[in-house]
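First comes the structure, then the notes that go with it.
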Amino acid sequence: QVQLVESGGGLVQAGGSLRLSCAASGRTFRTSPRAWFRQAPGKEREFVAGISLNDNTKYADSAKGRFTISRDNNKNTVYLQMNSLKPEDTAVYYCAERLGGNWRDVYDGRYDYDRWGQGTQVTVSS
């Protein structure tokens, strides 16, 4: 069974950077659309960034210009580079995988995704 395992979260000061990784363990047969979501206490889970099968990307307005999503298909791993972090970026970050979908679309809805990681905490202090 395929599992998504996130890593790279932690505590960082405002203005700092973190790089999150999401590795798919277990048997995988193809690459797939992936995304990062986040959920702060008392808030809904929200889309942060997504990447299509052909590496098109899409970002939430809050992430544009600061975050970069990328993938290494050889390692079946997706990354989220986060720069210029702000206290409002504090949340649990989840990676997600969609089973199927077309080659070029980036999916930004929570219910577009079929598999989720366990989440990694990102805390940005002011």
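Residue pairs satisfying the salt bridge (charged side-chain N to carboxylate O under 4.0 Å, His left out) criterion with at least one member in residues 43-53, sequence neighbours excluded, are listed as follows: Arg38-Glu46. For residues 32-72, the pairs satisfying ring pair (Phe, Tyr, Trp, His ring centres under 6.0 Å) are Phe37-Phe47, Phe37-Tyr113, Phe37-Trp116, with sequence neighbours left out. Residue pairs satisfying the side-chain hydrogen bond (donor to acceptor under 3.5 Å, both in side chains) criterion with at least one member in residues 9-19, sequence neighbours excluded, are listed as follows: Ser17-Asn83. Within the structure, no pair that satisfies the ring pair (Phe, Tyr, Trp, His ring centres under 6.0 Å) test touches residues 75-95, not counting sequence neighbours. Identified under the disulfide (SG to SG under 2.5 Å) test for residues 62-126, with sequence neighbours left out: Cys22-Cys95.
Ala49 and Leu80 get closest at one heavy-atom pair: CB-CD1, 4.1 Å. Pro87 approaches Ser126 most closely through the heavy-atom pair CG-CB, 3.9 Å. For the residue pair Ala24 and Leu4, the shortest heavy atom distance occurs at CB-CD2, 3.9 Å. Among all heavy-atom pairs drawn from Arg98 and Ser32, the shortest one is O-CB, 3.2 Å. The two residues Lys86 and Val124 have their closest heavy-atom pair at O-CB, 3.2 Å.
Val48 and Val106 fall into different hydrophobic clusters, where Ile, Leu, Val, Met, Phe, Trp and Tyr residues are linked whenever their side-chain heavy atoms come under 4.5 Å apart, directly or through other members.
By the 4.5 Å heavy-atom criterion applied to side chains, Arg34 and Asn76 are counted as neighbours. Looking at heavy atoms from C-beta onward, Met82 lies out of side-chain contact with Val12 at the 4.5 angstrom threshold. Contact check for Leu53 versus Pro33: side-chain heavy atoms found under the 4.5 Å cut-off.
Contacts of Arg66 classified as salt bridge (Lys or Arg N to Asp or Glu O under 4.0 Å), with partners at least two apart in sequence or in another chain: Asp89. For Thr68, there are no side chain to side chain donor-acceptor pair (under 3.5 Å) partners two or more places apart in sequence or in a different chain. Annotation: side chain to side chain contact (heavy atoms under 4.5 Å, CB included) contacts of Asn102 (sequence neighbours excluded): Arg104, Asp105, Tyr107. The side chain to side chain donor-acceptor pair (under 3.5 Å) test applied to Ser52 returns Asn54, not counting sequence neighbours. Remark: Asn74 pairs with no residue by the side chain to side chain donor-acceptor pair (under 3.5 Å) rule, at least two apart or across chains. In this structure Asp72 satisfies the side chain to side chain donor-acceptor pair (under 3.5 Å) test with no other residue, sequence neighbours excluded.
Within the model, atoms CG of Asp114 and CG of Leu99 stand 4.0 Å from one another, a figure rounded to the nearest 0.5 Å. How far CG of Leu20 is from CD of Gln81: 8.5 Å, rounded to the nearest 0.5 Å.
Cluster partners of Leu11: none. The rule joins Ile, Leu, Val, Met, Phe, Trp and Tyr whenever side-chain heavy atoms lie under 4.5 Å apart, and it links nothing here.
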